[in-house]
Amino acid sequence: MTTTKIHLVVGIHQMILLVFYTEIDCWQFRLISPGGAVFGERKLYFTPEAAEKAGREWIQQGY
C-alpha cells in the first residue's frame, strides 16, 4: 500500500490547490474546480515548493 502525504490545501480563485507526496510518484499537485472536477498532470516534482509553483501557474493560466 502506498502512503500519501498531503502537504498543502489552499483555495485560490475558486479552485482548490492540493500538493501531495507519494513514495512512488514524489511530489505532485492537483486542482479541484468548484464543480468537483480534478485537473493536473502526472508530472513529478522533487520538492513541494516546485509542485505548488506549478499548480499556481496552472491556475494563473486559467485551468
Side-chain angles (χ1 to χ4, degrees):
M1 180 175 193
T2 301
T3 301
T4 302
K5 259 194 253 187
I6 297 174
H7 174 75
L8 174 73
V9 178
V10 64
I12 305 171
H13 302 295
Q14 300 182 351
M15 300 285 283
I16 295 173
L17 171 60
L18 174 68
V19 175
F20 61 95
Y21 176 85
T22 65
E23 297 165 349
I24 296 172
D25 295 324
C26 294
W27 293 98
Q28 294 186 40
F29 74 89
R30 294 294 184 272
L31 301 175
I32 305 171
S33 75
V38 179
F39 301 94
E41 299 176 308
R42 295 218 19 117
K43 188 171 181 182
L44 308 180
Y45 301 92
F46 293 105
T47 66
E49 294 82 11
E52 179 182 353
K53 181 179 179 209
R56 289 178 181 272
E57 288 171 358
W58 266 55
I59 291 171
Q60 287 178 347
Q61 294 173 5
Y63 289 94

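In this text, all values refer to a predicted model and were calculated from it rather than measured experimentally.
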Q: Just do the side chain to side chain contact (heavy atoms under 4.5 Å, CB included) check on Ile32 and Met15 with the steps written out, would you?
A: CA-CA 6 Å; Ile32 305 171; Met15 300 285 283; over 6 Å; no

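Applying the side-chain contact (heavy atoms from CB on, under 4.5 Å) test to Leu8 and every residue at least two apart in sequence or in another chain returns Val10, Leu17, Val19, Glu52.
In this structure, the separation between CD1 on Ile24 and CG on Leu44 is 11.0 Å, given to the nearest 0.5 Å.
The two residues Lys43 and Gln28 have their closest heavy-atom pair at O-CG, 3.6 Å.
Taking the six-membered ring for Trp and thresholds of 30 and 60 degrees, Trp27 and Tyr21 have ring planes inclined between 30 and 60 degrees apart.
Sorted by first and then second residue, the salt bridge (Lys or Arg N to Asp or Glu O under 4.0 Å) pairs with a member in residues 22-38 read Asp25-Arg42; sequence neighbours excluded. Screening residues 33-59 for ring-ring contact (aromatic ring centres under 6.0 Å, His included), with sequence neighbours left out, gives Phe29-Trp58, Trp58-Tyr63.
More than 12 heavy atoms of other residues, nucleotides or ligands sit less than 6.0 Å from atom CD of Glu41.
Taking hydrophobic clusters as Ile, Leu, Val, Met, Phe, Trp and Tyr residues chained together by side-chain heavy-atom distances below 4.5 Å, Leu18 does not share a cluster with Ile12. Under the 4.5 Å side-chain heavy-atom criterion for Ile, Leu, Val, Met, Phe, Trp and Tyr, Phe20 and Val38 are members of the same hydrophobic cluster.
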